[in-house]
Student: 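Just dropping this structure here.
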Amino acid sequence: MWVFSASGCRWLGAGGSLAVAVGGWFAGTLPVRGGWGLWERHGPAPALAGTLLAYLGLTLLVAAWGRYGALLAREVRDGPSEARGAGGRGVRDGVLATLVCWTVPLLLAPPLHSADVYSYVAQGAMVLEGHDVYGAGPSVLGPGELGAEAAASVGGHWTDTPAPYGPVFLLLAAAVVKATGGAVVPAVLGMRLIALGALALTAWAVRGLGGGPGGRAGALWLAVLNPLFLIHVVGGTHNDGLMIGTVLAGVLLATRGRWVPGSALVGLALTVKSPAAVALLFIGVMVARRAGGGARGLAKGLVLPGAVAGAVAAGVTLLAGTGFGWLRTQSVAGTIHTALSVTSDLGLGLGLLLGDDPDPVKDVVQKLGLAAALVVIAVLAWRAWRGLLDPVLGLGLSLVALVALSPMVQPWYLLWGTAVVASVAWYGRAGQVLAVLSAALVYETAPSGRTPWYGFAAAGVVVVLGLARARREPWRAGAAEGAGPVGAGRGRAGPTGGPASS
C-alpha cells in the first residue's frame, strides 16, 4: 500500500504534525494573557477536542516515523533494490524533505506540551530590566516591565525559581525580548527561530558524524526526525536542542582533529545547560588517543579540553555581565519532583516507609543515583580510552545514563543522549531501544504541558509494543560495508573513526 511507502510515511507524518499544531491552538500551553486574539483559551469543550486531535496527530506522527525507520533499516540490511519493492525507494534521499514536511506545521503553533518558553522569555526580560536572574524568579517582573505577560504564564513550580541556564542562552532570550518588546506571541515565535537554528545545527553535525549515506539518513531519522525532538524542541522550543546541537558540532570538530574549537563549542554549550560538560571527557579521550596514549597523553586529554571550555565559559560569563550565579543554580531543578526520575521516586517511597519526613532519605537516594551515573560515565570513558568503544557512542550512552539516574527527568532529556547515539549507532540495539523510548515519551505530557495519568498509560503501551517488535525484528548491529551507521562496526574505532591503536 502507498501509505506504507516512504512517500506515504512523509505525508502521513505531515498530517499528524498538522493535527498536533491545530490541536495546540485549542489545547496547547496557551498564555494567560497577551495572546493577541491568536492564542486564546476557548473553554473546556474546545480544549478537550483539541487534546484528542493532538493525540491523534501524535499517533500518526509516531506511526509514520516508526515505519520510515523500518524502511531505512531494511534498505541498509538488504540494499536499495530489495527495499524498493517494499516502498524503500528514495528512503535515504528523502529524509531532509520529510523533516521539512513534518516541521513546517509546527512553526506558528502556540507552545506545545510545556510552558518553559514563557520562563525563557521572562528570564530574558529580567536581564534587560536589571533583575538578578540567579537570585529570583520571573515573579519579580512588575506589571509595566518587559516580559510581564510571559511571567504571568510561567508554570507554578518555576514562578519563583532562579534560572538554571547559563549566560549564552539568557543573552539570546534577552535579544528576542528586546527585538519583540516582550509581547508574548512574537517573543515565543522568536524563541522558536532559535529552536529551528538548533535543529539545523544538530542535523548538520549528525550528518557529519553519520558516515556514509545510510549512516547519515539513519542518524537524521533517529536524531531530528524523531517526534520527541520535533514536539519538544520545535513545538515546545526547549533550549535542550541548542545544547545538543552545539555539543554535537564540537564533537564533530574533535573527531576531525580540531579539538580546540570543538572544546570551545562545548564551552558555549555549557553556558546553555550544564550537562554539556560530559562531552569534554570524551573529547579528552580523543585527544589522549591521538597523543599516543600513555600517562602524558592521558594528562593532556584530561586537562586541555576542560581548560579551553572553562576559559570560554568564563569569558562569555564576564562579557555577558550576568554573573557566575548560574554555577550555583544548577541544582534548583532537582528540588522539583518528576515522576520519570527513578531515584526521586525510589527515594520518596523509601522515605515514606521509614519516617514522616521523606526528604532526607530522598536526598540521599538522589545523590547515590548521581554517584552511580558518574561511575557509569567513568567506565564508558575508560573503555573508549582503551579502544573498546567509540568515544562518540560512549558520550551518547553516558548522557542516557546521566538522565536515567538524575533527580529530575523530563521526557525531552532523553534527546541528550539519543541524538549522540544516533550519529554513530542508530542501526544498533541501542538505537532501536532509544527509538522505542522516544516514541513512548512523546505521550507523557499533554499539549497543555500537564502530565496526566493517561499519558503514562499510553507511554507504557508503546514501550511494551515497541520492545516486543524490536525483539521480533531486531535491527542487526552489523550492516553491509559502507552503510555507515553501525555502532558495533565502530566499537573499536579511534577518535577519527579509523582503526584504534592497540
Side-chain angles (χ1 to χ4, degrees), residues 4 9 12-13 16-17 20 55 57-77 91 95 98 102 113 206 215 217-233 240 244 338-342 393 396-406 409-445 451 454-479 485-488:
F4 296 120
C9 289
L12 181 66
S17 182
V20 169
Y55 271 111
L58 277 180
T59 301
L60 293 177
L61 185 61
V62 167
W65 180 66
R67 174 61 180 171
Y68 203 97
L71 291 175
L72 274 171
R74 182 177 300 176
E75 186 171 294
V76 169
R77 183 182 65 239
V91 179
V95 173
T98 303
W102 294 5
H113 295 264
V206 162
L220 287 170
W221 170 80
L222 181 55
V224 292
L225 199 61
N226 191 326
L228 194 65
F229 194 101
L230 294 176
I231 295 302
H232 285 295
V233 173
D240 301 74
I244 292 166
T338 56
L340 288 177
S341 171
V342 175
L393 179 57
L397 296 176
S398 293
L399 289 170
V400 171
L402 178 62
V403 170
L405 295 167
S406 286
V409 179
Q410 299 285 14
W412 53 91
Y413 288 5
L414 183 69
L415 294 169
W416 302 352
T418 299
V420 183
V421 171
S423 64
V424 292
W426 76 273
Y427 190 53
R429 175 63 71 180
Q432 198 171 14
V433 171
L434 289 173
V436 171
L437 293 177
S438 295
L441 289 176
V442 164
Y443 291 93
E444 197 261 343
T445 54
T451 53
Y454 53 81
F456 289 95
V461 170
V462 173
V463 167
V464 172
L465 294 177
L467 292 179
R469 181 177 178 181
R471 184 176 180 181
R472 188 171 62 251
E473 301 177 18
W475 295 349
R476 291 200 304 240
V486 291

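Side-chain atoms are counted along with the backbone in the values below, which use heavy atoms only and exclude waters and symmetry mates.
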Student: Please report the interatomic distance CD(Gln432) to CZ(Arg469), rounded to the nearest 0.5 Å.
Tutor: 9.0 Å
Student: Before we go on, tell me: are the rings of Tyr68 and Trp65 under 6.0 Å apart, centre to centre?
Tutor: no
Student: Could you report the tightest heavy-atom contact between Ala219 and Val206, atom names first, then the distance?
Tutor: CB-CG1, 3.2 Å
Student: Picking from Leu434, Leu437, Leu414, what satisfies side-chain contact (heavy atoms from CB on, under 4.5 Å) with Leu228?
Tutor: Leu414
Student: Which distance, rounded to the nearest 0.5 Å, do you find between the OG of Ser17 and the CG of Leu60?
Tutor: 10.5 Å
Student: Write down the atom of Arg74, the atom of Arg67, and the distance for their closest heavy-atom approach.
Tutor: NH2-NH1, 4.2 Å
Student: Indicate the atoms forming the closest heavy-atom contact of Leu72 with Gly218, along with that distance.
Tutor: CD1-CA, 4.1 Å
Student: Nearest 0.5 Å, please: how far is OH in Tyr413 from CG in Leu340?
Tutor: 10.5 Å
Student: Flag the pair Thr98 / Cys9 as yes when at least one side-chain heavy-atom distance between them is below 4.5 Å, and no otherwise.
Tutor: no
Student: Could you tell me whether the side chain of Leu225 reaches within less than 4.5 Å of the side chain of Leu220, counting heavy atoms only?
Tutor: no
Student: Please round to the nearest 0.5 Å and tell me the distance separating atom NE2 of His113 and atom OG1 of Thr451.
Tutor: 12.5 Å
Student: Below 4.5 Å, heavy atoms only, C-beta onward: do Trp412 and Val233 meet side chain to side chain?
Tutor: no
Student: Considering residues at least two apart in sequence or located in another chain, which fulfil the side-chain contact (heavy atoms from CB on, under 4.5 Å) criterion with Val462?
Tutor: Ala439, Ala440, Tyr443
Student: Distance from Gln410 atom CD to Glu444 atom CD, nearest 0.5 Å?
Tutor: 7.5 Å
Student: With distance as the sole test, does Ser341 use its side chain to make a donor-acceptor pair with the main-chain N or O of Ser406 at under 3.5 Å?
Tutor: yes
Student: Given side chains that start at C-beta, do those of Leu415 and Ile244 come closer than 4.5 Å, heavy atoms only?
Tutor: yes
Student: Once you round to the nearest 0.5 Å, how far does CH2 of Trp221 lie from CG of Leu71?
Tutor: 10.5 Å
Student: Locate the shortest heavy-atom distance separating Ala430 from Leu397; write the atom from each residue and the value.
Tutor: CB-CD2, 4.4 Å
Student: Indicate the atoms forming the closest heavy-atom contact of Val421 with Gly431, along with that distance.
Tutor: CG1-N, 4.4 Å
Student: Search all heavy atoms of Gly13 against all heavy atoms of Leu61 and return the closest pair with its distance.
Tutor: O-CD1, 3.5 Å
Student: Can you tell if the side chain of Leu222 reaches within under 4.5 Å of the side chain of Phe229, non-hydrogen atoms only?
Tutor: no
Student: Does any non-hydrogen side-chain atom of His232 lie less than 4.5 Å from one of Thr445?
Tutor: yes
Student: Taking the side chain as everything from C-beta on, heavy atoms only, tell me whether Ser438 gets closer than 4.5 Å to Thr418.
Tutor: yes
